[in-house]
Amino acid sequence: MSWEFVETGGSLLSFGTGAMSSPREISGAASISKQIMLGFYDKPTGMYIHLTHGQGDKIVEQSHDLQAPDGSLVEGIYGRGPGEFTGFDDEKGYNILARFSKSGSIAALKKGIGKGRIAVWASNIEVPLTKATTTSPNVSTAQAIAEGEKCRLDLLKTTLLALSLRFPSIDELPVLRPLPQFLVSTPGKPTIVPTITDLVAAPSPGSQLSVFRDENDTFHFHHSIESATVLQNARENTSAVEDPSQWQPKHIILCPTSLPDRDQIPLFDLDSYFESLSSARKVVGCRDTSDTWGMGEALFYGEVITSTQTMLDK
């Protein structure tokens with residue numbers, strides 16, 4: 001449930017919605033008439049916070065001018081509604097992230113809920129500022145749009161920071177090219193990976209497999225002892241082209257007897273994966289012998305990959 005996720009420490013971000021603060025929980029037919037989507041209970045204040053549909057019965061696309069907490073004006077922000085905030089006049093424990101410049105009413109706020117927090121935007125601050133999304137007469141030139149877009153992004157970043165979300169540094173920018181992939185197998189079956197390489201390299205033995213060209217790609221194979229160097233070289237290869245047709249060769253790291261270190265695969269826990277797979281196989285009564293393997297017991301894993309449909313297409 002969303003409320004459990006937030007109350008136990010999670011963060012929720014909502015765009016194009018409103019919010020109501022009430023001493024009573026709104027449920028049943030009343031929640032339908034007020035178009036309530038989610039509800040949270042704030043124990044310190046004893047108030048219920050309900051998120052509501054921002055557009056009402058009819059979607060009305062329009063632009064909104066917002067005022068940031070520092071007083072700066074952000075013009076031409078896209079909205080479909082907008083949503084409204086009610087009952088927050090005497091409410092405590094929330095931060096206003098922006099106001100509508102004309103009315104002065106709340107346009108966005110951040111509120112702590114239990115151990116977590118929510119941020120609610122009445123307008124659609126997530127939509128980029130372009131000529132197609134704004135009807136503001138003050139945002140018509142390319143320069144005005146560029147300046148407004150910068151302010152929009154600043155507001156969005158402020159919102160994410162208010163939710164305790166961390167931005168990646170320049171050194172942590174996502175990798176936009178394939179990284180080496182690990183060929184691994186379930187612990188206790190060390191013959192799986194050698195069997196696969198024997199089949200790929202045939203009629204030569206798999207132990208001699210170093211380069212393999214299939215219908216679409218060229219693969220270079222490496223022993224697990226080389227994994228740290230191969231990964232580091234791939235991550236530091238800033239000169240790699242963005243054209244997918246030029247992403248050659250692709251690298252496979254063979255791990256027949258042990259799994260990669262967690263610092264090499266920080267986004268996926270292979271130990272937990274194989275433990276869960278083993279438990280599931282036992283529950284359904286799958287046959288388990290040392291010389292065969294079942295679905296999922298041999299696995300290719302890569303943090304960044306291309307389509308798997310053409311891999312090792314012999």
Side-chain angles (χ1 to χ4, degrees), residues 153 157 160-161 165-278 293-314:
L153 290 174
K157 290 177 181 178
L160 296 177
L161 290 173
L165 300 177
R166 183 178 65 89
F167 289 96
S169 67
I170 297 299
D171 295 333
E172 295 175 318
L173 291 177
V175 178
L176 301 179
R177 57 191 177 277
L179 289 178
Q181 298 166 78
F182 292 90
L183 177 56
V184 301
S185 62
T186 186
K189 293 187 177 182
T191 60
I192 293 180
V193 172
T195 300
I196 294 174
T197 55
D198 282 342
L199 292 171
V200 173
S204 301
S207 59
Q208 298 181 8
L209 182 62
S210 61
V211 177
F212 175 75
R213 294 179 177 83
D214 74 353
E215 295 293 332
N216 301 281
D217 303 291
T218 298
F219 296 93
H220 286 193
F221 290 81
H222 309 270
H223 297 293
S224 57
I225 195 173
E226 306 171 71
S227 58
T229 301
V230 174
L231 273 173
Q232 181 178 355
N233 290 341
R235 293 185 183 278
E236 294 178 351
N237 183 17
T238 57
S239 62
V241 296
E242 297 184 4
D243 182 3
S245 66
Q246 302 299 313
W247 287 341
Q248 304 293 340
K250 296 176 181 175
H251 299 272
I252 306 295
I253 300 172
L254 304 175
C255 302
T257 58
S258 62
L259 299 177
D261 294 335
R262 279 308 307 275
D263 61 346
Q264 295 181 347
I265 52 167
L267 304 182
F268 189 66
D269 191 335
L270 283 171
D271 287 299
S272 295
Y273 165 77
F274 283 118
E275 288 174 5
S276 299
L277 179 63
S278 177
W293 68 85
M295 179 72 71
E297 291 190 307
L299 179 70
F300 261 130
Y301 172 77
E303 186 174 319
V304 181
I305 64 171
T306 56
S307 171
T308 58
Q309 297 180 7
T310 60
M311 287 180 56
L312 302 180
D313 184 5
K314 194 173 182 180

side-chain contact (heavy atoms from CB on, under 4.5 Å) evaluation trace for Thr195 with Trp293 = CA-CA 11 Å; Thr195 300; Trp293 68 85; 3.8 Å; yes

inquiry  = Run the side-chain contact (heavy atoms from CB on, under 4.5 Å) test on Ile252 and Phe212 for me, step by step, so that the C-alpha distance in whole Å, both residues' side-chain angles and the decisive distance to 0.1 Å come before the verdict.
reply    = CA-CA 10 Å; Ile252 306 295; Phe212 175 75; over 6 Å; no

ask   = Can you list the steps and then say if Asp214 with Phe219 is a side-chain contact (heavy atoms from CB on, under 4.5 Å)?
value = CA-CA 8 Å; Asp214 74 353; Phe219 296 93; 3.7 Å; yes

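Of the possible donor and acceptor atoms, none in the side chain of Gln181 sits under 3.5 Å from a partner among the backbone N and O of Phe300. Judged by distance alone, the side chain of Glu297 and the main-chain N or O of Gly294 form a donor-acceptor pair under 3.5 Å. Using modelled atom types, one side-chain atom of Glu226 and one backbone atom of His223 make a donor-acceptor pair closer than 3.5 Å.
Closest heavy-atom contact between Ser227 and Phe182: CB-CE2, 4.0 Å. The shortest non-hydrogen separation linking Gly206 to Asp198 is N-OD1, 2.7 Å.
Between Ser185 atom OG and Leu259 atom CG the span is 7.5 Å, to the nearest 0.5 Å. The distance from the CD1 atom of Ile265 to the CG atom of Leu179 is 13.0 Å, given to the nearest 0.5 Å. Taking CG of Leu254 as the start and OG1 of Thr197 as the end, the distance is 6.5 Å to the nearest 0.5 Å. Note that SG of Cys255 and CG of Leu299 are 10.5 Å apart. Values are rounded to the nearest 0.5 Å. In this structure, OG in Ser224 is found 9.5 Å from CG in Asp261, a value given to the nearest 0.5 Å. Taking CG of Leu165 as the start and NZ of Lys157 as the end, the distance is 14.0 Å to the nearest 0.5 Å.
Glu275 is linked by a side-chain hydrogen bond (donor to acceptor under 3.5 Å, both in side chains) to nothing, counting only residues two or more places apart in sequence or in another chain. In this view, Asp269 and Arg262 satisfy the salt bridge (Lys or Arg N to Asp or Glu O under 4.0 Å) rule, not counting sequence neighbours.
Ile225 CD1: 12 or fewer foreign heavy atoms inside a 6.0 Å radius.
By the 4.5 Å heavy-atom criterion applied to side chains, Thr186 and Ser278 are not counted as neighbours.
Under the ring pair (Phe, Tyr, Trp, His ring centres under 6.0 Å) criterion, the residue pairs touching residues 248-270 are His220-His251, His222-His251, Phe268-Tyr273, Phe268-Tyr301, with sequence neighbours excluded.
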